[in-house]
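What follows is a short report on a single structure.
Worth knowing before you read on, the calculation uses all heavy atoms, side chains too, and leaves out hydrogens, waters and symmetry mates. The chains referred to below are lettered A, B, ... by the order of the sequence lines, with proteins before strands, and numbering in each begins at 1.
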2 protein chains.
Amino acid sequence: MTTAKSQRTVFFVSDRTGITAELLGKTLLTQFPGIEFLKRTFPFVDSVDKAKSVLAKIHDTAQKEDRPPIVFSTLINEEVRAALASDRALIIDLFADFIRRLETELGQESTHALGLSHGIGDELVYQKRMDALNYTLSHDDGMHTANYDRADVILVGVSRTGKTPTCLYLAMQYGICAANYPLTPDDFNELALPKPLQPQRAKLHGLTIQPERLAKIRHERKPESRYASLENCQGEIRAAEALLRQAHIPILDTSSMSIEEIAISILYGTGLIKRVKT
Amino acid sequence: MTTAKSQRTVFFVSDRTGITAELLGKTLLTQFPGIEFLKRTFPFVDSVDKAKSVLAKIHDTAQKEDRPPIVFSTLINEEVRAALASDRALIIDLFADFIRRLETELGQESTHALGLSHGIGDELVYQKRMDALNYTLSHDDGMHTANYDRADVILVGVSRTGKTPTCLYLAMQYGICAANYPLTPDDFNELALPKPLQPQRAKLHGLTIQPERLAKIRHERKPESRYASLENCQGEIRAAEALLRQAHIPILDTSSMSIEEIAISILYGTGLIKRVKT
């Protein structure tokens with residue numbers, strides 16, 4: 001039983017990128033904040049020899065630290081998986097049990113084929129992601145509004161509410177053509193949507209943020225500027241929210257949200273997921 | 001036992017974004033290519049009531065299709081998790097067993113706290129990702145080479161080898177300041193690195209690609225152009241590879257790789273992971 005902050009070494013082992021192993025493993029480890037985890041990732045472990053070489057490192061660590069390392073593995077090939085077996089580590093195999101239960105329920109054997117996630121996989125799906133990313137990069141920050149017919153979603157808000165990173169995430173992960181349009185003081189003179197946005201009402205989604213948080217973010221970029229002052233942030237946000245509400249555009253407060261959370265909220269909160277097939 | 005391509009409905013249920021549930025679930029499902037999976041994701045299921053409402057949908061589906069849906073869930077709260085229990089679905093709980101095994105090995109109870117992955121989490125780590133993304137966006141395609149001292153890595157290659165999406169992925173997922181510099185015919189007149197790259201040799205990583213694949217990608221953007229012609233692609237690639245080899249820069253062939261695979265190869269193949277702490 002540990003009381004002081006202790007250390008444990010964790011291995012992530014995968015036959016492909018290791019992204020899945022790291023993601024689920026790190027998610028599980030966040031549940032143990034009292035322990036400091038030293039993380040080592042081994043991607044592309046796709047042969048028995050490579051597995052043996054990782055196993056040797058695991059055993060070295062077990063001996064040096066005098067306790068079992070934690071190992072998260074996603075290995076499809078059974079021989080490679082067998083080569084990593086050890087009773088000197090806690091091996092959490094993220095596939096083995098689940099694959100077996102799925103085989104039973106689905107009445108099929110699994111293919112044991114590698115590289116089916118995070119590879120190019122379906123060429124068309126991959127191409128769609130790359131196309132969306134190109135679209136998003138060239139429709140950042142109010143650029144090329146003439147092409148808004150091709151957009152799946154257009155994020156609207158004042159500077160530094162999270163529009164650009166959210167658009168990039170939606171494009172890269174979901175193949176969504178996501179444009180964004182910054183609201184600036186020029187737009188607040190009349191209480192109407194800027195012209196390029198008016199025909200696109202159904203695709204618009206507003207982002208807002210607490211003024212204190214916005215001032216902090218803007219101060220990091222332009223310290224002591226009027227742009228970053230709390231008073232200015234309050235004014236811009238008040239005006240932007242009024243404009244968006246008047247136009248019946250949904251608004252999301254991003255103050256305590258990560259870009260993943262913003263993206264998922266927009267994807268599932270607005271029917272976007274039904275308009276685009278991801 | 002199914003022989004023709006059959007359909008199964010799959011639910012992804014999470015108390016936060018659902019990214020982990022979708023990722024591991026979809027990875028497992030790629031092992032069963034004979035089946036078409038209809039996917040429904042329910043993020044932010046963070047109360048017993050919300051879980052009950054999802055369970056009602058699961059039971060509806062079970063009744064309509066006359067067989068159990070597959071459910072991948074990542075629910076931390078035990079009451080919420082209990083509210084989703086059902087014997088009319090195959091429920092694959094991606095946390096329950098693993099958390100218990102970790103508790104035993106680590107000698108600690110887990111916190112059962114929500115939102116620890118894909119949330120903002122550690123503010124400093126999140127800020128590093130956002131800063132890296134800003135850096136990467138403003139150092140795309142050879143821009144602002146004067147700031148290369150701040151770069152963690154600089155990708156070099158001819159147009160359309162995957163430099164920009166890989167840089168964005170490294171920044172967004174790993175907080176890596178990734179710049180990229182395009183090699184153009186102007187650079188091939190002398191067999192030397194372009195001036196802005198010369199002081200940065202240790203950070204450079206070359207990307208290359210098969211000429212046929214490059215011609216295909218370029219044709220989609222600029223059909224029938226000299227830029228996209230196979231002959232031109234062959235010439236550019238030959239010259240770029242000669243230049244990079246001469247300068248002892250590592251080169252990765254991205255022809256059959258996804259951006260995730262390119263990013264991970266660079267991260268773990270070159271010592272970058274040791275230079276930057278992710």
Side-chain angles (χ1 to χ4, degrees), chain A residues 1-2 8 16-20 23-24 26-35 41-44 68 70 74 76 90 92 94-95 97-99 101-102 105-108 110-113 116-121 126 130 133 137 164-165 168-169 172 256-261 264-265 268 273, chain B residues 1-2 8 16-20 23-24 26-35 41-44 68 70 74 76 90 92 94-95 97-99 101-102 105-108 110-113 116-121 126 130 133 137 164-165 168-169 172 256-261 264-265 268 273:
Chain A
M1 296 291 144
T2 336
R8 296 297 290 258
R16 299 303 302 162
T17 59
I19 292 173
T20 305
L23 182 55
L24 189 60
K26 287 181 181 173
T27 301
L28 292 166
L29 296 179
T30 58
Q31 293 295 308
F32 301 91
I35 301 174
T41 301
F42 294 86
F44 306 117
I70 319 287
T74 50
I76 294 285
L90 174 64
I92 296 199
L94 302 176
F95 283 168
D97 295 350
F98 297 147
I99 283 281
R101 290 175 61 196
L102 284 167
E105 174 58 42
L106 297 172
Q108 277 196 3
S110 66
T111 58
H112 293 94
L116 292 170
S117 68
H118 294 122
I120 287 189
Y126 185 74
M130 292 304 104
L133 194 53
L137 283 168
T164 298
L168 289 171
Y169 189 83
M172 195 181 293
S256 61
M257 296 176 94
S258 68
I259 53 171
E260 287 88 348
E261 290 171 328
I264 297 285
S265 296
Y268 292 97
I273 191 75
Chain B
M1 296 292 144
T2 335
R8 297 297 291 257
R16 298 304 302 163
T17 59
I19 292 172
T20 306
L23 182 55
L24 189 60
K26 287 180 181 175
T27 301
L28 291 166
L29 295 179
T30 57
Q31 293 294 309
F32 301 92
I35 303 174
T41 301
F42 295 86
F44 305 117
I70 318 289
T74 49
I76 295 284
L90 173 65
I92 296 201
L94 301 176
F95 283 168
D97 295 350
F98 297 146
I99 283 282
R101 290 175 60 195
L102 283 167
E105 173 59 41
L106 298 172
Q108 278 197 3
S110 65
T111 58
H112 291 94
L116 293 170
S117 68
H118 296 123
I120 287 188
Y126 185 74
M130 294 303 105
L133 194 54
L137 282 168
T164 298
L168 290 170
Y169 189 83
M172 196 181 292
S256 59
M257 296 177 93
S258 68
I259 53 173
E260 287 88 348
E261 289 171 329
I264 298 286
S265 296
Y268 293 98
I273 191 73

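- Within the model, atoms CG of B:Leu90 and CZ of A:Arg101 stand 5.0 Å from one another, a figure rounded to the nearest 0.5 Å.
- Within the 4.5 angstrom heavy-atom criterion, only side-chain atoms of A:Phe44, from C-beta onward, approach chain B.
- With a 4.5 angstrom heavy-atom cutoff, B:Leu102 touches chain A via backbone and side-chain atoms both.
- Proximity to chain A is limited to the side chain of B:Ile70, based on heavy atoms less than 4.5 angstrom apart.
- Both the backbone and the side chain of A:Leu28 come within less than 4.5 Å of a heavy atom of chain B.
- Scanning both residues, B:Gln31 and A:Ile76, for their nearest heavy atoms gives NE2-CD1, 3.4 Å.
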(request) Determine, stepwise, if the pair A:Phe32 / B:Thr111 fulfils side-chain contact (heavy atoms from CB on, under 4.5 Å). (result) CA-CA 6 Å; A:Phe32 301 91; B:Thr111 58; over 6 Å; no
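- The pair B:Arg8-A:Glu105 meets the salt-bridge criterion, with a side-chain N (NZ, NE, NH1 or NH2) lying under 4.0 Å from an Asp/Glu carboxylate O.
- Using modelled atom types, one side-chain atom of B:Tyr126 and one backbone atom of A:Ile259 make a donor-acceptor pair closer than 3.5 Å.
- At least one side-chain heavy atom of A:Leu137 sits less than 4.5 Å from a side-chain heavy atom of B:Leu168.
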(request) Might you work through the side-chain contact (heavy atoms from CB on, under 4.5 Å) test for B:Thr74 and A:Thr27, ending with a clear yes or no? (result) CA-CA 10 Å; B:Thr74 49; A:Thr27 301; over 6 Å; no
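- In this structure, chain B has heavy atoms under 4.5 Å from both the backbone and the side chain of A:Pro165.
- We find the OG-CZ distance between B:Ser258 and A:Arg16 to be 8.0 Å, quoted to the nearest 0.5 Å.
- Ranking A:Thr164, A:Leu94, A:Leu29, A:Thr41 against chain B, the residue ahead of the rest is A:Thr41, based on heavy-atom pairs under 4.5 Å.
- Using a 4.5 Å heavy-atom threshold, the side chains of A:Ile19 and B:Leu23 count as touching.
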